[in-house]
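One structure below.
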Amino acid sequence: MRRLAGSVLVGVLALAIGAPVLLPRLATPVAADSPVDIRGTWSGIYHANIGDFPNTDVWTDEDFTTGIVSGVANNNTYTLQGTVVGNKLHAIAQTPGYTSTTDSVISADGTMMTGSGTDTNGNTGTFTFLRQTPVPSTPGGPAASVPASSAPAPGGPGVVNPNPAPGCTFGGSGGGPAPVVTSVDSAVVDQIGSQAQDKLESPTGLAVGGGAAGDRLFVANSSSGMLAVIDDRARDPADIHVIARVPVGHYPADVVSSIITGRVFVAVVADCRIAVVDGSAATPSLITS
């Protein structure tokens with residue numbers, strides 16, 4: 001994500017091949033640990049252990065004395081903060097309830113960023129992001145930008161347009177704005193998830209079913225890969241609990257169920273499969289995938 005000043009880079013290359021006409025550009029050498037200018041837009045695929053996720057990072061500010069940088073990611077659903085030392089970037093992406101930490105190295109020409117990371121859910125991954133905006137010609141000068149009405153163009157294999165699309169508020173695993181409570185019902189709020197055994201990790205899709213009685217609620221938990229089974233017969237919210245957890249795969253999302261057979265079908269995004277769970281059994285379990 002760091003950009004080497006184009007003029008300095010060209011000068012260095014010229015010196016290496018003996019082109020004296022460009023030597024004046026080396027009049028002010030850059031220290032080895034001087035921060036690379038990474039301002040601009042970078043896009044690529046984050047290859048996590050739970051699947052592949054498109055990302056677009058926009059670094060807007062950089063202090064060339066301290067190396068501190070900041071910006072936003074995935075259509076403003078994440079804030080970015082980091083520090084550049086030489087051509088290395090240590091960065092933190094945050095959204096309410098979620099943090100991802102990455103370390104990367106910027107290529108000598110300032111167009112590629114390669115690194116690895118981890119997040120608050122214990123997931124790990126690697127990535128290669130390509131610069132979508134021009135490499136700044138002068139460190140500390142005006143940052144290259146893309147008009148607000150346009151999206152960065154794909155920059156090569158594995159690079160995609162920004163995700164999510166303009167106007168979308170969901171930024172992928174752990175993304176999106178925090179829920180806004182408009183009214184509070186003290187009899188219901190904080191019952192599911194208020195106890196350790198009831199915690200729901202990144203709940204996504206849900207369905208009601210579990211046999212003729214339809215007395216269970218099934219919730220896909222994207223970050224943990226679990227399908228939570230909730231007994232919904234209780235009339236007192238304080239008695240509603242998760243009664244089972246079924247491992248279904250990486251990044252489960254949508255869920256549907258059959259009230260006739262009791263089977264529950266879960267779309268497992270990162271595995272490109274459909275998990276089939278016996279939702280009516282005393283102990284729900286995975287039948288097939």
Side-chain angles (χ1 to χ4, degrees), residues 1-5 30-48 50 53-107 110-136 138-146 148 151-152 155 159 162-164 166 168-180 202 223:
M1 290 187 164
R2 311 313 178 267
R3 312 162 183 175
L4 287 173
V30 177
D33 60 349
S34 296
V36 172
D37 190 340
I38 68 165
R39 292 171 303 160
T41 302
W42 303 73
S43 290
I45 303 296
Y46 186 88
H47 302 285
I50 60 172
F53 301 94
N55 277 269
T56 294
D57 295 347
V58 181
W59 293 97
T60 55
D61 297 291
E62 181 167 359
D63 185 324
F64 294 95
T65 300
T66 63
I68 295 176
V69 291
S70 62
V72 295
N74 292 353
N75 202 33
N76 297 318
T77 56
Y78 296 85
T79 58
L80 299 175
Q81 293 182 325
T83 303
V84 181
V85 177
N87 67 334
K88 296 180 180 179
L89 168 67
H90 176 74
I92 296 175
Q94 290 183 307
T95 196
Y98 178 84
T99 299
S100 174
T101 303
T102 60
D103 287 283
S104 56
V105 176
I106 296 81
S107 63
T111 63
M112 180 183 296
M113 181 183 304
T114 304
S116 61
T118 185
D119 67 11
T120 48
N121 296 318
N123 298 313
T124 59
T126 60
F127 61 90
T128 296
F129 293 168
L130 299 184
R131 183 189 286 279
Q132 305 296 328
T133 48
V135 178
T138 304
S145 62
V146 173
V159 176
N163 179 52
C168 180
T169 58
F170 180 68
S173 179
V180 177
S202 301
S223 64

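Quick caveat: nothing in here was measured; it's all calculated off a predicted structure. Both backbone and side-chain heavy atoms feed into the values below; hydrogens, waters and symmetry mates do not.
Inter-residue side-chain proximity for K88 and D103 is flagged as unmet; no heavy-atom pair is nearer than 4.5 Å. In this structure the side chain of Y78 never reaches within 4.5 angstrom of the side chain of D57, judged on heavy atoms. F127 is listed as a side-chain neighbour of T102, based on a closest heavy-atom distance under 4.5 Å. In this structure, T114 and V105 have side chains that are not in contact, with every pair of non-hydrogen atoms separated by 4.5 Å or more.
Between the side chain of D61 and the backbone N or O of S70 there is no donor-acceptor pair closer than 3.5 Å. Looking at T83, its side chain never comes within 3.5 Å of a backbone N or O of G67 through a donor-acceptor pair. The main-chain N or O of M112 is found under 3.5 Å from a side-chain atom of S107 such that the two form a donor-acceptor pair. Under the 3.5 Å distance criterion, the side-chain polar atoms of D119 are matched with a main-chain donor or acceptor of N121.
When all heavy atoms are compared, the tightest approach of Y46 to G125 is OH-N, 3.2 Å. Scanning all heavy atoms of the two residues, the minimum distance from V72 to L80 falls at O-CD1, 3.2 Å.
Considering only residues two or more places apart in sequence or on other chains, T118 meets the side-chain contact (heavy atoms from CB on, under 4.5 Å) condition with T124. Under the rule for a side-chain contact (heavy atoms from CB on, under 4.5 Å), the partners of T79 that lie at least two apart in sequence or sit in another chain are Q94. Residues that satisfy the side-chain contact (heavy atoms from CB on, under 4.5 Å) test with T66, not counting sequence neighbours, are D63, I68.
There is a side-chain donor-acceptor pair under 3.5 Å between T56 and S43.
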